[in-house]
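Nothing here was measured: the structure is a model prediction, and the numbers come from that model. Below, read A as the first sequence line, B as the second, and so on, with proteins coming before strands; counting in each chain starts at 1.
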Amino acid sequence: MTVHNSEIADSFEKLADLLEIEGANQFRVRAYRNAASTIRGYPRSMADLLEDGEDLSELPGIGNDLAQKIGTIVETGELPLLKEVEERTPEALSELMMIEGLGARKVKALHDALNVNSLADLERAAASGEIRRVSGFGEKSEKKILARLQKYSGEEKRTRLIDAEEIGRPLIEHLEKADGIKDIVITGSYRRRKETVGDLDILVTAKQGSSVMDHFTSYNEVDEIASRGKTRSTVFLQSGMQVDLRVVPQVSFGAAQIYFTGSKSHNIALRKLGIRKGFKVNEYGVFKGDKRVCGKTEESVYAKLGLAWIPPELREDHGELEAAKKDKLPRLITLNDIRGNLHAHTSASDGHNSLKEMAEAARDLGYDYLAITDHSQRLTVANGLDKKRLLAQVREIDRLNQKLDGIVLLKSSEVDILEDGSLDLPDSVLRELDFTVCAIHHRFGLSRKKQTERILRAMDNINFNILAHPSGRLINKRPPYETDMEKILEAARERGCIVELNAQPQRLDLTDEGCRMARELGVKISIATDAHSISDMDHMRFGVDQARRGWLEKSDVVNCQPLDKLAKLFTR
DNA sequence: GCCGTTTTCGGCCCGACTGTTTTCAGTCG
């Protein structure tokens, strides 16, 4: 039984919550939270690191004590200190902290005064009017608790980036109409192009005394105004999305962009660096004593700290500060670098458009080539093509290529990887194709070992070229199937296979961390839309965003290559 | 509990808003 990083991180976070409720040293509490964040974001599993004999105390925020505790969790699946703390402090109290407005102190106060130990206790106490009598609470906070409880579902809700764009776009249009507004930018994880966002953080500059806040809170989608000040307001939209608006003066715009773009750990690292250099860094600028020395642009702030400007996608405190210091940041791939698309479906299987329509759409995007990768025979629900139909399609593509101008269709197939690791079409047929895209579409529930072996065995086939959507996850819907991704990537490099970064906004698979690992291992990536219609081809930009988060450069991505270089990449 | 370009001890990012208080603690990002 493998212990996942997320489980270790969860244990540390829960321990931090309970210790905080008990009133433990706040820096000790923070140490557990920092460690949780390091572990959660780490590209390799703690279990694997330990197996390889690595020293975990080398990791940021993890010292000897926590390294030992991680070892215990990996070995036994349990954290004794957490058990011990849970004996004295009910573990459900940590869940109460999920209610907005309730932090450790208030949870403790309610526990001590009213013996509130669960969400149900909390609701009872609020409904019966007992909470307002506890010192530090009043009628308003009691009402808020009751209202929040009704909305609380127990799940942390994060919105897919594409959905966040749909919510954000009309709101920005609304804000642009405000009097006196100058700059508007959506910051936060949205600007870092994370696959999901928790809330929208909007930053604006505006003329002094303008009515931007009034304009913001009067947006017709606003369901609730949670707070409202001169420089900051928070609302909830009818979609449930939380939106924060901050207004700063123009001289602070760069510093504020950095601050609100985050990530939080990136900001903390920047501020610490500032302190070492004798500066104070905040959202208004970089200060020497009381004097602002810069802040108008992001570049000026980074430069003052001795750093090159860092693209938002890299701001996770995953080594970007060190790279920026040495001027060794990657030259991140851009959408303009993309020359073609290596995964697309037509109406022959489960797509919605014809070969010709798809080809013309790809040409309109400025691509040189588009690969047609309809499903293979096993995937009957998607009308997968058997040998006969695929060979007919191959001939049709040949004919069409004669007529097409400015775009070349590549002959391919999204071939099912069967449970035993064999491919769903005979080698004699696969050899007729320019290359193959291979994927798992069934039997997701195999053990980690079996699933990994299944993929490795499939890659042993000389006709295997690209591993499509390697984890099979659907964001917010289906977890990845269990695999040893590092092993798969190493095997891909050894065999000359390519791994896909599927650009569908609900997939984005490889993950950012997976991309980074692939790059470090020297595995080439195909960023592909898996388009099932003409309009899906626009999703390439989400794939590029994710690739940038994974530190990928143009040279790491096969579909940045011109057509005449592709064939070589598909020769094993 | 972690960490080190004045440190192995003594610090630990910083500011806005709310509600309850009577000058500020708690919460949040």
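Here, B/dG11 and B/dT18 have their P atoms 34 Å apart, quoted to the whole Å. Comparing B/dC3 with B/dC13, their P atoms are spaced 13 Å from each other, to the whole Å. Straight-line distance between the P atoms of B/dG19 and B/dC9: roughly 46 Å, to the nearest whole Å. The same atom, P, is picked in B/dT23 and in B/dA16; the two are 23 Å apart, to the nearest Å. A gap of 27 Å separates the C1' atoms of B/dG4 and B/dG15, to the nearest Å. Spacing of C1' atoms, B/dT21 relative to B/dG26, comes out at 13 Å, to the nearest Å. Between B/dG1 and B/dT8, the distance separating the two C1' atoms is 15 Å to the nearest Å. Spacing between B/dG29 and B/dT22 at atom C1', rounded to whole Å, works out to 28 Å.
At a threshold of 4.0 angstrom between heavy atoms, the contacts of A/Lys264 include nucleobase atoms, whether or not backbone atoms are also involved. Nucleic acid contact for A/Ile62: sugar-phosphate only, since backbone atoms but no base atoms lie under 4.0 Å from a heavy atom of the residue. Using a 4.0 Å heavy-atom distance criterion, A/Val281 is classed as a sugar-phosphate-only contact. Within 4.0 Å (heavy atoms only), A/Tyr284 reaches sugar-phosphate atoms of the nucleic acid but no base atom. The residue A/Lys144 sits close only to the backbone: its heavy atoms come under 4.0 Å of sugar-phosphate atoms, none of a base. Counting non-hydrogen atoms under 4.0 angstrom, A/Lys69 reaches the backbone sugars and phosphates but no base. Among the heavy atoms of the strands lying under 4.0 Å from A/Leu59 are primed sugar atoms or P, OP1, OP2 only; no base atom is included. At the heavy-atom level, A/Glu142 lies nowhere under 4.0 Å from the strands shown. Nucleic acid contact for A/Asn267: none, since no nucleic acid atom lies under 4.0 Å from a heavy atom of the residue. Residue contacts for A/Gln68: at a heavy-atom cut-off of 4.0 Å it reaches no nucleic acid atom on any strand shown. Counting non-hydrogen atoms under 4.0 angstrom, A/Glu283 reaches the backbone sugars and phosphates but no base. Across all strands shown, A/Ala104 has heavy atoms under 4.0 Å from sugar-phosphate atoms exclusively, and none from any base.
Here the closest non-hydrogen pair linking A/Ala127 and A/Leu146 is N-CD1, 4.1 Å. The shortest non-hydrogen separation linking A/Tyr42 to A/Leu49 is CE2-CD1, 3.7 Å. Heavy atoms only, all atoms of each residue included: A/Thr529 and A/Met540 are closest at CG2-N, 3.5 Å. Of all heavy-atom pairs between A/Leu50 and A/Gly71, the closest is CD1-CA, 3.9 Å. The two residues A/Asn115 and A/Asp121 come nearest to each other via the heavy atoms O-OD2, 3.7 Å. The two residues A/Leu66 and A/Gly61 have their closest heavy-atom pair at CD1-O, 4.0 Å.
Within the 4.5 Å cutoff, the side chain of A/Glu221 has no heavy atoms near those of the A/Ser239 side chain.
Base orientation for B/dT20: anti, the chi torsion being more than 90° from 0.
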Assess the residue pair A/Asp179 and A/Ser211 against the criterion (side-chain hydrogen bond (donor to acceptor under 3.5 Å, both in side chains)); give the C-alpha distance rounded to whole Å, side-chain angles, the decisive distance to 0.1 Å, and a yes or no.
CA-CA 7 Å; A/Asp179 280 338; A/Ser211 57; 4.9 Å; no
Would A/Glu313 and A/Arg193 satisfy salt bridge (Lys or Arg N to Asp or Glu O under 4.0 Å), going step by step from the backbone distance to the final call?
CA-CA 6 Å; A/Glu313 295 91 334; A/Arg193 305 313 283 165; over 6 Å; no
How far apart are the C-alpha atoms of A/Arg33 and A/Glu20, what are their side-chain angles, what is the distance that settles it, and do they pass the salt bridge (Lys or Arg N to Asp or Glu O under 4.0 Å) test?
CA-CA 11 Å; A/Arg33 296 220 168 99; A/Glu20 194 179 16; 2.8 Å; yes
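For the contact set between residues 230-238 of chain A and DNA chain B, defined by any heavy atom under 4.0 Å, the members are A/Lys230, A/Thr231, A/Arg232.
Toward the 5′ end of DNA chain B lies the nearest nucleotide of A/Tyr32, the other residue of the pair A/Tyr32 and A/Ser141 mapping further downstream. Residue whose closest nucleotide on DNA chain B sits further toward the 5' end, between A/Asn282 and A/Glu58: A/Glu58.
Judged by Watson-Crick or G-U wobble contacts below 3.5 Å, the nucleotide B/dG4 has B/dC9 as its partner.
Inspection of the A/Asn5 and A/Ser45 side chains reveals no N or O donor paired with an N or O acceptor under 3.5 Å.
Bracketed by its first and final contacts, the part of DNA chain B lying under 4.0 Å from non-hydrogen atoms of chain A reaches from B/dG1 to B/dG29 in 5' to 3' order.
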